[in-house]
**Student:** 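If you scroll down you'll find the structure; I have some questions about it.
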Amino acid sequence: MRFSGKAHKFGNDVNTDYIISGKYKFKTLDMKELAKHVMEDLDPRFYEKVSPGDFIVAGSNFGCGSSREQAPLAIKCAGVGAVLAKSFARIFYRNAINTGLPVVECDTGLIDPGDELEVDLAAGIIANKTKNVEIPVKPLPPVMIKILNDGGLAGHFRKYGGFNFN
Amino acid sequence: MGQTIIEKILSSHSGGPAYANDIVVARVDFVMGQDGTAPLAVRAFHEMGGTEVFDRERVAFVIDHSAPSPNEGVSALHKLMREFSREKGFRLFDIGDGVCHQLIPESGEVGPGCLVIGADSHTCTYGALNAFSTGVGSTDLAGGLISGRMWFKVPETVKFVCNGKLQPGVYSKDLILYLIGEVTADGATYMAAEYVGEAVSAMSQEARFTIANMAVEMGAKAGLMEADDKTFAWLRRFTGRNFAPVAADPDAVYARVLEYDVSGLEPQVAKPHRVDNVAPLSEVAGKPVQQAVIGTCTNGRLEDLRIAAGILGGRKVHRDVRLIVAPASRRVFLDAMAEGIIQSLVEAGAAVVTPGCGPCVGTHNGVPSDGETVISTANRNFKGRMGNSNAEIYLASPAAVAASALTGKITDPREFIQ
């Protein structure tokens with residue numbers, strides 16, 4: 001999977017309430033509707049600004065807080081290609097892989113707002129076109145690569161009828 | 001090689017020795033979903049080819065996050081949950097029953113050595129019963145519903161040794177806020193926390209739930225405690241089942257061991273808009289508040305309401321403050337009525353709402369207005385958490401919230417405790 005787009009930068013500890021507020025997420029399973037409110041409390045115009053394939057770039061502990069899977073789903077539905085962060089909260093990380101939102105651990109200090117990025121997930125390379133630097137990526141654990149390759153956990157279950165990591 | 005509590009529980013549930021950083025597929029003893037997460041799990045259940053749940057007796061849905069429904073969108077999702085649970089033949093706790101993290105322990109299904117997944121991040125609460133319980137998302141929940149199993153990377157453990165004695169007016173909530181402030185919001189990311197020491201042993205079982213509940217606010221996968229006589233006495237109220245306690249080995253390997261003396265601890269608050277933005281309450285004393293909330297999975301138990309009533313009883317809530325009380329469950333509500341606690345709270349001016357999560361998660365039952373300040377016994381104070389991003393939330397103990405409701409400003413509860 002390769003994506004190219006612009007960096008939208010956020011800080012540390014972006015919690016799932018900021019990604020999609022509880023006041024919206026309990027009302028509907030329509031992710032297109034929820035996507036309009038993604039990151040609203042941090043940047044009310046985020047949904048208008050983001051173009052398909054763009055990246056959310058954040059500091060450490062991205063996705064902390066609630067276990068709501070609407071968070072990765074709404075990000076994906078808003079057209080975001082991948083989330084790049086120094087680290088992720090564990091539940092969000094699992095939810096993202098399970099639902100097929102690419103999440104990448106890397107040194108996001110090397111990225112500024114608006115930088116043009118090219119992310120090659122298979123090769124594990126992020127090219128910052130604006131700064132002309134390559135940023136190394138912390139590889140996904142093999143179990144998660146397997147789940148991603150099976151098309152998320154739903155695909156994995158359809159294929160094997162349960163967990164199968166052998 | 002010695003094992004931590006979580007390594008032992010994951011060993012017994014995966015059929016072989018499990019140590020930190022191993023990947024295991026483990027059997028789960030109980031699976032729970034609530035109305036913010038279960039509807040997506042039902043969708044995932046079908047996408048994954050699910051037909052039946054793995055064991056009807058080991059599954060529950062809880063309608064607590066918007067209960068009763070405040071609008072038609074929520075009503076449709078509640079209906080979906082009711083229909084799914086009826087069709088698959090498992091239990092559903094409906095509106096008025098209470099908050100999932102009070103109901104699941106009260107159901108008697110969870111005790112020492114159990115492994116529980118719940119599609120709610122505060123599922124870590126049952127760690128206070130010496131169980132490994134953790135929050136998952138909706139797709140993982142669906143996987144658990146179908147297979148009765150879940151994959152885990154075995155977490156490392158950070159041990160918090162809490163020595164000394166909490167002073168009167170200082171509670172388990174103050175201690176956990178203090179610890180979160182110390183290690184920060186990602187201080188234990190993907191680790192299990194073990195809480196031990198004489199201060200933890202001295203706590204009531206109800207007070208211990210508050211500590212385990214907030215483990216996720218330091219990023220932890222679990223917040224575990226050892227089982228003792230208090231644990232078993234609490235469990236006997238709800239079940240006749242026997243559970244074998246799980247203790248860490250003396251030579252267990254910890255990522256970190258942190259020791260604290262809690263004897264000098266003052267009442268604490270988490271200031272807006274982060275749970276780890278912790279300060280002694282004295283630093284913000286006098287700040288006017290317009291709303292006070294007592295309840296939630298953190299502090300809505302009988303003991304919490306009793307402490308609040310001890311301060312509010314015979315007095316009146318300040319005219320500029322709305323006090324909202326949400327008992328954690330129907331059982332807690334009934335017990336509090338029988339004890340006269342609800343009478344005291346209502347006479348003092350409290351608005352008692354249906355047991356549930358509403359005021360904490362911003363769905364209904366007390367959304368603050370622009371520029372208002374709320375003091376709450378909840379576990380999160382993120383901007384917008386209560387439904388308005390232009391309001392500020394302070395987190396504190398039930399005693400501090402009760403005292404602040406009386407004076408209309410953030411107040412040290414020790415002013416009201418003899």
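Proteins get letters first, then strands, A, B, ... in listed order; numbering begins at 1 in each.
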**Student:** Based on non-hydrogen pairs under 4.5 Å, which of B/Lys153, B/His65, B/Arg380 is most in contact with chain A?
**Tutor:**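 Winner by heavy-atom pair count: B/Arg380.
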**Student:** Please look at A/Leu29 and chain B and tell me whether the side chain, the backbone, both or neither of the residue comes under 4.5 angstrom of a heavy atom of that chain.
**Tutor:**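 It is both, since atoms from each part get that close.
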**Student:** Quick one: of B/Gly137, B/Ser66, B/Gly135, B/Ala142, who has the most non-hydrogen atom pairs under 4.5 Å with chain A?
**Tutor:**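 Most pairs with chain A among the choices: B/Gly137.
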**Student:** Compare every heavy atom of B/Ser121 with every heavy atom of A/Ser66, then report the nearest pair and how far apart it is.
**Tutor:**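 Of all heavy-atom pairs spanning A/Ser66 and B/Ser121, the closest is CA-OG, 3.5 Å.
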**Student:** Answer yes or no: are there more than 12 heavy-atom neighbours, outside A/Asp30 itself, under 6.0 Å from its atom CG?
**Tutor:**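 Check passes, neighbour count above 12.
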**Student:** Nearest 0.5 Å please: distance from the CG atom of A/Asn164 over to the CH2 atom of B/Trp151.
**Tutor:**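 That separation rounds to 14.5 Å.
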**Student:** Heavy-atom pairs under 4.5 Å with chain A are the metric here; pick the option from B/Val136, B/Ile23, B/Val216 that has the most.
**Tutor:**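 Of B/Val136, B/Ile23, B/Val216, B/Val136 has the most heavy-atom pairs under 4.5 Å with chain A.
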**Student:** Do B/Asp140 and A/Asn98 have side-chain N/O donor and acceptor atoms under 3.5 Å apart?
**Tutor:**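 Short answer, yes.
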**Student:** If every non-hydrogen atom of A/Ser21 is compared with every non-hydrogen atom of B/Gly384, which pair is closest and at what distance?
**Tutor:**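 Shortest heavy-atom separation between A/Ser21 and B/Gly384 comes out as OG-O, 4.4 Å.
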**Student:** Can you say whether A/Tyr18 sits under 4.5 Å from chain B via the side chain, the backbone, both, or neither, judging by heavy atoms?
**Tutor:**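 Just the side chain, heavy atoms under 4.5 Å.
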**Student:** Check whether more than 12 heavy atoms from other residues, nucleotides or ligands sit under 6.0 Å from atom NZ of A/Lys131, and answer yes or no.
**Tutor:**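 Yes, because the 6.0 Å sphere around NZ of A/Lys131 holds more than 12 heavy atoms from other groups.
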**Student:** How long is the straight-line distance from CZ of A/Arg158 back to CE of B/Met48, given to the nearest 0.5 Å?
**Tutor:**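 Interatomic distance, B/Met48 CE to A/Arg158 CZ, rounded to 0.5 Å: 9.0 Å.
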**Student:** Side-chain contact test, heavy atoms from C-beta onward, threshold under 4.5 Å: evaluate it for A/Lys23 versus B/Thr363 and give yes or no.
**Tutor:**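 No, too far: nothing below the 4.5 Å cut-off.
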**Student:** If we only count heavy atoms from C-beta on, is the A/Leu73 to B/Leu40 side-chain gap below 4.5 Å?
**Tutor:**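 In short, these two side chains touch, coming nearer than 4.5 Å.
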**Student:** So which part of B/Met386 gets closer than 4.5 Å to some heavy atom of chain A, the side chain, the backbone, both or neither?
**Tutor:**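 Neither the backbone nor the side chain of B/Met386 comes within 4.5 Å of chain A.
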**Student:** Is there a side-chain contact between A/Cys64 and B/Asp186 (heavy atoms, below 4.5 Å)?
**Tutor:**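 A/Cys64 vs B/Asp186: side chains apart.
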**Student:** Among B/Gly49, B/Ser138, B/Gly73, single out the residue with the greatest number of heavy-atom pairs under 4.5 Å to chain A.
**Tutor:**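 Most heavy-atom pairs under 4.5 Å with chain A: B/Ser138.
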**Student:** Pick one of side chain, backbone, both or neither for A/Ile147, based on which atoms fall under 4.5 Å of a heavy atom in chain B.
**Tutor:**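 It is the side chain, since no backbone atom gets that close.
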**Student:** Do you know which of B/Arg274, B/His364, B/Glu217 has the most heavy-atom pairs under 4.5 Å to chain A?
**Tutor:**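 Most heavy-atom pairs under 4.5 Å with chain A: B/Arg274.
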**Student:** Taking side chain as everything from C-beta outward and backbone as N, CA, C, O, which of these in A/Tyr93 sits under 4.5 Å from a heavy atom of chain B? Side chain, backbone, both or neither.
**Tutor:**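 Contact with chain B is absent: no heavy atom of A/Tyr93 under 4.5 Å.
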**Student:** Check each atom of A/Asp41 against the heavy atoms of chain B and say whether the ones under 4.5 Å are side chain, backbone, both or neither.
**Tutor:**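 For A/Asp41, heavy atoms of backbone and side chain both lie under 4.5 Å from chain B.
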**Student:** Just checking, any donor-acceptor pair under 3.5 angstrom between side chains of A/Glu69 and B/Thr37?
**Tutor:**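 Result is no, nothing qualifies.
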**Student:** Pick whichever of A/Arg94, A/Gln70, A/His156, A/Lys159 has the most heavy-atom pairs under 4.5 Å with chain B.
**Tutor:**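 Top option by heavy-atom pairs under 4.5 Å: A/Arg94.
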**Student:** Regarding B/Arg385 and A/Asp17, does a basic nitrogen lie under 4.0 Å from an acidic carboxylate oxygen?
**Tutor:**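 Salt bridge between B/Arg385 and A/Asp17, a charged N being under 4.0 Å from a carboxylate O: yes.
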**Student:** Is it the backbone or the side chain of B/His273 that comes under 4.5 Å from a heavy atom of chain A, or both, or neither?
**Tutor:**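 Both backbone and side chain.
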**Student:** Would you say that B/Glu72 contacts A/Lys27 through its side chain, given a criterion of any heavy-atom pair below 4.5 Å between the two side chains?
**Tutor:**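 Counting from C-beta outward, B/Glu72 and A/Lys27 never come under 4.5 Å.
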**Student:** Measure B/Thr189 against the heavy atoms of chain A and call it side chain, backbone, both or neither at under 4.5 Å.
**Tutor:**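 B/Thr189 touches chain A through side-chain heavy atoms alone.
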**Student:** For the interface with chain B, which of A/Asp13, A/Asn95, A/Asn15 has the highest count of heavy-atom pairs at distances below 4.5 Å?
**Tutor:**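 Max contact count across the listed options: A/Asn15.
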**Student:** Does B/Arg149 count as lying over the ring of A/Phe163, i.e. NZ or CZ under 6.0 Å from the six-ring centre, within 45 degrees of the axis?
**Tutor:**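 Negative - B/Arg149 is either too far from the ring of A/Phe163 or too far off its axis.
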**Student:** In terms of heavy-atom contacts, does CZ of A/Arg2 have more than 12 from other residues, nucleotides or ligands at under 6.0 Å?
**Tutor:**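 No, because the 6.0 Å sphere around CZ of A/Arg2 holds 12 heavy atoms or fewer from other groups.
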**Student:** So which part of A/Thr28 gets closer than 4.5 Å to some heavy atom of chain B, the side chain, the backbone, both or neither?
**Tutor:**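 Backbone only.
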